[in-house]
Amino acid sequence: MNLLITGGCGFIGSHFIEHLLRHHPDYKVVNLDAMTYAAHPQTKEFLQNLAPSRYSFVHGDIGSALVGEIIKTHDIDTIVNFAAESHVDRSILDPGSFVQTNVVGVQNLLYWARKLGNVRFVQVSTDEVYGSLEPSDASFTEHSHLVPSSPYSASKACADLLALSCFRTFRQEIVITRCSNNFGPRQFPEKLLPLVIANALEGKSIPVYGDGRQVRDWIFVADHCKAIDQVMHQGKLGEVYNISSNQEVPNLEIISKILQILDKPASLITFVKDRPAHDRRYALNSNKIRQQLGWVPATGFEEGLSRTIHWYIENSAWWKQLRDKAFFDYYTANYKAKFTPEAKL
Ligand code: NAD
Ligand code: TYD
């Protein structure tokens with residue numbers, strides 16, 4: 001196969017490229033990434049060294065005509081789209097950039113995939129498109145309504161619907177995956193787990209939004225990548241596949257666990273003002289991919305957490321470099337000014 005992977009210098013995309021190069025020795029991969037704040041230069045180098053003869057990098061935007069050039073030049077037969085603005089908090093500050101990449105960018109990928117010979121298109125989406133659950137609600141299935149709460153999840157829902165419309169209208173080869181919250185090495189330290197680990201290691205306070213009883217359904221990133229691989233090969237066209245490890249954990253419980261493992265005091269926990277429209281609980285039913293494609297997650301929550309924490313301990317230069325960048329400071333300052341004035345609740 002000749003694959004175009006977009007957003008491959010980000011967290012999940014980089015793991016997926018690593019997975020492809022290690023498990024499919026005959027596949028060739030082109031990585032198109034705009035190298036936004038979320039992409040680490042070291043990730044780019046790391047991927048380049050994995051399999052130099054089967055991997056190439058193109059610096060560019062999924063919303064540009066570069067997409068068509070890459071498909072033609074590299075005879076691409078499959079696109080897997082990870083490129084996105086991916087953080088809910090940022091989407092509240094700047095919804096426009098989310099619509100630009102997550103909607104307009106996806107429309108451009110779909111256009112070129114169609115124009116140049118029905119290239120298979122895998123859209124990597126999220127459980128956040130389903131909205132929020134109450135504690136007693138059954139978990140989301142692929143038939144649940146789309147009720148996104150944030151500009152991020154709304155832009156992802158829009159892309160899913162666009163892709164499905166291209167399946168129906170143009171018979172394009174489309175499959176969609178919707179996964180729960182990922183964790184693992186190389187995640188940008190604006191997301192909960194790496195932020196807690198990094199702050200704890202530095203003895204900094206840990207901002208907990210609202211009461212901290214929100215629940216997320218956690219999956220180790222390698223399990224997500226294996227699932228996307230199976231959907232890409234075996235998924236039924238025009239279908240959606242939920243991906244989750246069924247590991248629901250309240251935020252405060254995860255934070256306490258990390259502090260315990262790192263032997264840091266609970267006094268680092270600081271309750272701050274809640275995120276607007278904060279989804280209370282995510283829980284995802286993944287029976288379809290398990291029963292129809294035989295996918296099973298391999299990494300339990302405790303094991304994944306331990307591997308993740310150790311990676312951040314051993315790679316402090318990696319996350320410190322990101323946190324020291326001017327844009328991150330700018331963002332953090334703006335974010336704090338808008339939603340989390342340092343005052344404790
Ligand atoms: P990330 O923010 O770590 O990485 C995104 C990557 O996309 C970066 O390398 C960035 O440079 C690149 N990018 C951004 N805009 C681009 C553009 N216009 N053109 C080309 N490249 C661009 O994101 P992630 O956490 O790895 O998420 C990857 C995908 O998985 C996203 O689509 C996200 O919605 C989805 N997803 C994420 C999670 C999660 O827990 N992180 C869960 C489910 C689904
Ligand atoms: P996040 O990693 O942003 O993922 P998402 O909002 O897409 O699920 O947040 C995970 C949970 O952690 C969510 O309930 C918000 C909460 N959270 C905090 O309490 N403090 C923080 O500093 C961050 C980044 C998140």
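Counting starts at 1 for both ligands and their atoms, in listed order. Atoms considered below: every heavy atom in the structure, side chains included; atoms not considered: hydrogens, waters and symmetry mates.
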Would you mind checking which non-hydrogen protein atom is closest to atom 16 (C) of ligand 2, with the distance to 0.1 Å? N251 ND2, 3.5 Å
Y312 six-ring centre to R186 NZ/CZ under 6.0 Å and within 45° of normal: no
One pair per line, please: each N/O atom of ligand 1 matched with every protein N/O atom under 3.5 Å away, atom names first, then the distance to 0.1 Å.
unit_1	atom_1	unit_2	atom_2	d
ligand 1	2 (O)	S86	OG	2.7
ligand 1	3 (O)	F11	N	3.0
ligand 1	9 (O)	G10	N	2.9
ligand 1	9 (O)	D33	OD1	3.3
ligand 1	9 (O)	D33	OD2	2.6
ligand 1	11 (O)	D33	OD1	2.6
ligand 1	11 (O)	M35	N	3.4
ligand 1	11 (O)	T36	N	3.0
ligand 1	11 (O)	T36	OG1	3.1
ligand 1	18 (N)	D61	OD1	3.0
ligand 1	18 (N)	T101	OG1	3.1
ligand 1	19 (N)	I62	N	3.0
ligand 1	21 (N)	A34	N	3.1
ligand 1	23 (O)	S86	OG	3.4
ligand 1	26 (O)	F11	N	3.3
ligand 1	26 (O)	I12	N	2.8
ligand 1	32 (O)	F82	O	3.4
ligand 1	32 (O)	K156	NZ	2.6
ligand 1	34 (O)	Y152	OH	2.6
ligand 1	34 (O)	K156	NZ	3.1
ligand 1	40 (O)	N182	N	2.9

Between H19 and H224, does the ring centroid distance fall short of 6.0 Å? no
Which residues pass the salt bridge (Lys or Arg N to Asp or Glu O under 4.0 Å) test with E202, not counting sequence neighbours? K204, R323
So is Y282 close enough to ligand 2, meaning a heavy atom under 4.0 angstrom away? yes
With backbone taken as N, CA, C and O and side chain as the heavy atoms from C-beta onward, which portion of L192 lies under 4.0 Å from ligand 2: side chain, backbone, both, or neither? both
Mind checking whether Y152 and F98 have parallel, tilted or perpendicular rings, split at 30° and 60°? perpendicular
Between D279 and ligand 2, which part of the residue brings a heavy atom under 4.0 Å of the ligand: side chain, backbone, both or neither? neither
Distance to the ring centre below 6.0 angstrom and angle to the axis at most 45 degrees; does that hold for R171 and F167? yes
Would you mind finding which of R213, R90, K191, R275 brings a heavy atom closest to atom 3 (O) of ligand 2? R275
Considering only heavy atoms of V208, which atoms of ligand 2 have at least one such atom less than 4.0 Å away? 19 (O)
Check: Y130/D279 side-chain N/O donor and acceptor closer than 3.5 Å: no
Have a look at ligand 2 and work out which part of E128, if any, has a heavy atom under 4.0 Å from it: side chain, backbone, both or neither. side chain
How does L193 reach ligand 2, by side chain, by backbone, by both or by neither, if only non-hydrogen atoms under 4.0 Å count? neither
Going by the closest heavy atom to atom 15 (C) of ligand 2, which one wins out of H278, R281, Q214? H278
